[in-house]
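Comments concern the structure below.
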Amino acid sequence: MAAPKNYGGRGELVLLCALLGALGKIGRGQIHYSVPEETDKGSFVGNISKDLGLESQELSKHGVRIVSRGRTQLFALNPRSGSLVTAGRIDREELCAQSARCFVNINILVEDEGKLWGIEVEITDINDNNPKFQVENLEVKINEIALPGTRYPLPEAVDPDVGLNSLQSYQLSPNNHFSLDVQTGDDGAVSPELVLERALDREEEAAHYLVLIAADGGEPRRSSTVHIRVTVLDTNDNAPVFAQPIYRVKVPENVPPGTRLLTVSASDPDEGTNGEVAYKFWKISEKQSPLFQLNENTGEISTAKSLDYEECAFYDMEIQAEDVGALLGRTKVLISVEDVNDNRPEVTITSLFSPVLENTLPGTVIAFLNVHDRDSGKNGQVVCYTRDNLPFQLEKSIDNYYRLVTWKYLDREKISMYNITVAASDLGTPPLSTEIHIALQVADINDNPPIFPHASYSAYIPENNPRGASIFSVTAHDHDSGSNAQVTYSLTKGSIMAVPLSSYVSINSDTGVLYALHSFDYEQIQDLQLLVTARDNGDPQLSSNVSLSLFILDQNDNAPEILYPMLPTDGSMGVELAPRSAEPGYLVTKVVAVDRDSGQNAWLSYRLLKASEPGLFTVGLHTGEVRTARALLDRDVLKQSLVMTVHDHGQPPLSATVTLTVAVADSIPDVLADLGSIRTLTNSEDSDLTLYLVVAVAVVSCIFLAFVIVLLSLRLWRWHKSRLLQASNGRLAGLPASGFVGMEGVQAFLQTYSHEVSLTSDSPRSHMIFPQPNYADMLISQDSCEKNDSLLASIDFHECRDEAAAVQQAPPNTDWRFSQAQRPGTSGSQNGDETGTWPNNQFDTEMLQAMILASASEAADGSSTLGGGAGTMGLSARYGPQFTLQHVPDYRQNVYIPGSNATLTNAAGKRDGKAPAGGNGNKKKSGKKEKK
């Protein structure tokens, strides 16, 4: 009868174990505790926070947890007290069976430190199990002829406890025929035997009833009993005998159920039914009994269920052979189970730190892994490794734990997620392996600035664009993610012509689209140089720049502008002069125009749109030069009106028109005579003013002509007087060469002077411009005359009169015509060595008249050399002896055509390749004098 459990005195044992556990931290990071079995849930095991050097309430803060593998968690952490407690009932016998000492190993992980601590807890035994017989009733058959001293084995009791708590003694109930003898084996096992003390007599007593008591040595003491019925049999002389006292067999664990392991065999020399033997298990544990089956007749032992080396590697049992005469024979069977590599390694992720920053230092712990193989020997030796060439490696930690760490820097922009394959393979044959996959996310940091696809950009926009128009778009890419990849765009500060760039162009900070805030004008701004900045939203912010060249494209938005002839602001109209003696191709004037546009839009072409007399003038298509198309005739009217148009080559083309008035005349009197024909009276006031101006010019001209006549008369009178003196003295007096050439010079002067006339009409302030005469041309004619007709010879008055008549009949001097260099125009195109200006006021005219009067006074003085010598024209008396006509500037060389870089010729004779007409006339006169 089983004794009840008694836990008296257990408290003292618990305190003793806890005291021993507090001293358990020794070598290699191992902490040792002990706790009795069968303690209640939550019982104190050890002060883990103290042994780890942590505060009692900081276990959760530091990530302290139990990471040991197993089917059932036996222990737990109390976060409030910082102690290790039991997680439930612990049965030592279930964990360690008959082992003398029972240890349970667990591991404690401190996450923030990345450390593992090994904890060894010893489970101490208490007397919580009764010795137990496999049967409660046992029948023992003994032949009556058995001799005293014969021994009969009795069943053994099993006590799972160890030490003093295990089975210690057997007792047999008192009787007269039997005694109990206890045998101790080599392995320390205690076997009871029933010893026959007195001979039996079946006829006296056919059955005997005994009670066998098995007791342990624990406190309280526990025991159990088995009731034995001894049956006295008739005589059977021979007991069965086994062929081997011990049978041994090795079997792999993967044999299927029903596999025959071995066959035991016992022989009985008796005959008949006394020689028949039956086999049965005699001694076998409760766990082993369901695994094997025994054929009672053949003694064949086979497997009833699958064997598992990991559950039990060795089985020990006894087989009994019994004949009908109740004679027994026993043998021991030892079955060794061989390990087969039938278990794959198990890999458990104990802890995973994901995601991980891409700037994590090499050597950072990513995960803790536990590797276990239930096989033994080489079949249980596991090699753990990572596949692929990844920046991770496994490092061995304590026990079967590995750490997965980084061995180089990560880059999220290259790989944002790693699928890490961890493989574990045993060393069995064939080897078995297991793979697990760890998905590790790489967290982004702002380590990449925005990048533009190109180093610089160029954009083109036509001028006169609408305000707010989209002109270009830039895009920068950031390889980061999230807010680190959000790009905003901006323009760097700058200015153009003291105006900020922000007033011309703006950019959408989100899309990078640029908009024109201003309608551009190519004539003011041809290009803009912008610097676009792309900045991400990370911390710290990163940015990059790109240059953008914005070119303004020209549009044909400017019509040609006429620079020459300019339209006077006072309403007057300019007049160009063309001599009647002009030959075909004679350059009358040149229309100069410019276009503010550029390129093809500024290419200009000139055309004659309308002419008062078609076919008289032609216009250069690209030069704008107005030339005579044919020789001028007397029937050609004085006033010629030309309407010219200037076109550009833009799309659509723009144009400008100008009206030219060309006066066809050879001299000022001709112009004055026909002045009324070129007048245009806009109103009565303008007509009166023009009339006054014409009358004034006519009066001045008449006075000038009268002065010339008087001057000639004085000259002739002095010459006549000198002839009379020569006749009275009877000798010849040589006359000095005079710088004044008489009527011929005056006429040449008038011709040279009068052709430089510009008239304006239709204006209340019309005026005449008298350019200074070209003395150089006049002197050249005089010099040629002097070379061919010496003035030292005697001059007859009549001859001089004939010569005067010849002079009047000579053809007009053509030197008055404009050369190309003498055409009116703007300055800036002349050569640097030509100086002088147009005489354009009354003072210049009066100065010329004074010069002529001074020359006349010198001619009237008989002793005078007319200004100190030939070629001075009397100017040395006014300006000094060093001043000669060679110093008088030729103002006809200072006429320039706007837009032309050509250096114009000096005289019309040089341009046309002909000698001046006046010069030719003088040479003819000299020839007549020589003949006379």
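When reading the values below, keep in mind they use all heavy atoms of this one structure, side chains included, and skip hydrogens, waters and symmetry mates.
- Note that the CG atom of L357 and the CD1 atom of I445 stand 7.0 Å from one another [nearest 0.5 Å].
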TODO: Decide side chain to side chain donor-acceptor pair (under 3.5 Å) for E435 and T421; before the verdict, give the C-alpha distance in whole Å, the side-chain angles of both, and the deciding distance to 0.1 Å.
DONE: CA-CA 6 Å; E435 289 185 355; T421 301; 5.4 Å; no
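- For the side chain to side chain contact (heavy atoms under 4.5 Å, CB included) criterion with T350, the lone passing option out of L369, L116, N370 is N370.
- Side chains of S306 and D308: a donor-acceptor N/O pair is absent below 3.5 angstrom, by distance only.
- L154 has its side chain within reach of L180: a pair of non-hydrogen atoms, C-beta onward, lies under 4.5 Å apart.
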Task: Chi angles and distances behind the salt bridge (Lys or Arg N to Asp or Glu O under 4.0 Å) call for E296, K280 - done: CA-CA 6 Å; E296 294 184 353; K280 63 179 180 180; over 6 Å; no
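- Here the closest heavy-atom approach between residue S376 and residue Y309 is recorded as OG-CE2, 2.9 Å.
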Open item on the list: Applying salt bridge (Lys or Arg N to Asp or Glu O under 4.0 Å) to E318 and R330, what does each step give before you reach the verdict?
Closed with: CA-CA 7 Å; E318 289 185 7; R330 294 187 178 87; 5.1 Å; no
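- Formation of a donor-acceptor pair under 3.5 Å by the T386 side chain with backbone atoms of Q393 is not found in this model.
- No side-chain donor-acceptor contact under 3.5 Å links D159 and N165.
- To the nearest 0.5 Å, atom CZ of residue F75 and atom OG1 of residue T86 are 7.5 Å apart.
- Interatomic distance, CD of E358 versus OG1 of T406, reported as 13.0 Å (0.5 Å rounding).
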Task: Pair D373-Q381, side chain to side chain donor-acceptor pair (under 3.5 Å): steps then yes or no - done: CA-CA 7 Å; D373 195 323; Q381 295 179 10; over 6 Å; no
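- The side-chain heavy atoms of H437 and I420, taken from C-beta on, include no pair separated by under 4.5 Å.
- The two atoms that bring R221 and D216 nearest to each other are CG-O, 3.4 Å, heavy atoms only.
- Annotation: side chain of F44 is not in contact with side chain of Y33 (no heavy-atom distance under 4.5 Å).
- Checked by atom type, the side-chain pair Q441/S354 shows no donor-acceptor distance below 3.5 Å.
- A side-chain N or O of N379 and one of D339 form a donor-acceptor pair less than 3.5 Å apart.
- Counting all heavy atoms, side chain and backbone alike, G329 lies closest to F242 at O-CE1, 2.8 Å.
- R374 places a side-chain heavy atom less than 4.5 Å from the side chain of E346.
- The local environment of CZ in R248 is sparse, with at most 12 non-hydrogen atoms from other residues, nucleotides or ligands closer than 6.0 Å.
- Minimum heavy-atom separation, Y418 to L390: CD2-CD2, 4.0 Å.
- With V64 as the partner, the side chain to side chain contact (heavy atoms under 4.5 Å, CB included) test is satisfied by one option alone out of D112, L52, L109: L52.
- The two atoms that bring D161 and I126 nearest to each other are OD1-O, 3.3 Å, heavy atoms only.
- A side-chain donor-acceptor contact under 3.5 Å links R65 and S351.
- Judged by a 6.0 Å distance limit and a 45° cone about the ring axis, K396 is positioned over the six-membered ring of Y402.
- Annotation for A157 and P131: closest pair CB-CB, 4.2 Å, computed over non-hydrogen atoms.
- Side-chain atoms of D181 and Q183 form a donor-acceptor pair, as typed in the model, at a separation below 3.5 Å.
- From N341, atom CG reaches atom CZ of R344 across 9.0 Å, with rounding to the nearest 0.5 Å.
- When only modelled atom types and interatomic distance are considered, S302 and Q293 share a side-chain donor-acceptor pair under 3.5 Å.
- In this structure a side-chain-to-backbone donor-acceptor pair under 3.5 Å is missing from R412 to D444.
- When atom types are taken as modelled, the side chain of D480 and the backbone of N448 share a donor-acceptor pair closer than 3.5 angstrom.
- For the residue pair D342 and N254, no side-chain donor N or O sits within less than 3.5 Å of a side-chain acceptor on the partner.
- No side-chain heavy atom of E311 sits less than 4.5 Å from a side-chain heavy atom of E253.
- Checking side-chain atoms of S289 against main-chain N and O of E286 turns up no donor-acceptor pair under 3.5 Å.
- Between the side chain of Q168 and the backbone N or O of G163, at least one donor-acceptor pair lies under 3.5 Å.
- Between the N295 side chain and the G299 main chain, no donor and acceptor come within less than 3.5 Å of each other.
- Within 6.0 Å of CD on E94 lie no more than 12 heavy atoms contributed by other residues, nucleotides or ligands.
- Annotation: side chain of C384 is in contact with side chain of V422 (closest heavy-atom distance under 4.5 Å).
- In this structure, the side chains of E93 and E37 come closer than 4.5 Å at one or more pairs of heavy atoms.
- When ring centroids are compared, F292 and Y315 come within the 6.0 Å threshold.
- The structure places CG of L262 at 10.0 Å from CG of L334, a figure rounded to the nearest 0.5 Å.
- N127 and E219 share no donor-acceptor pair across their side chains, judged by distance under 3.5 Å alone.
- Two residues are said to be in side-chain contact when any heavy atoms from C-beta on lie closer than 4.5 Å; F368 and R403 meet this criterion.
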Open item on the list: Before you tell me yes or no, could you show the steps for Y279 and N297 under side chain to side chain contact (heavy atoms under 4.5 Å, CB included), namely the whole-Å CA-CA distance, both residues' side-chain angles and the distance that decides it to 0.1 Å?
Closed with: CA-CA 6 Å; Y279 303 94; N297 299 321; over 6 Å; no
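- By the 30° and 60° cut-offs, the orientation of the rings of F133 relative to Y170 is tilted.
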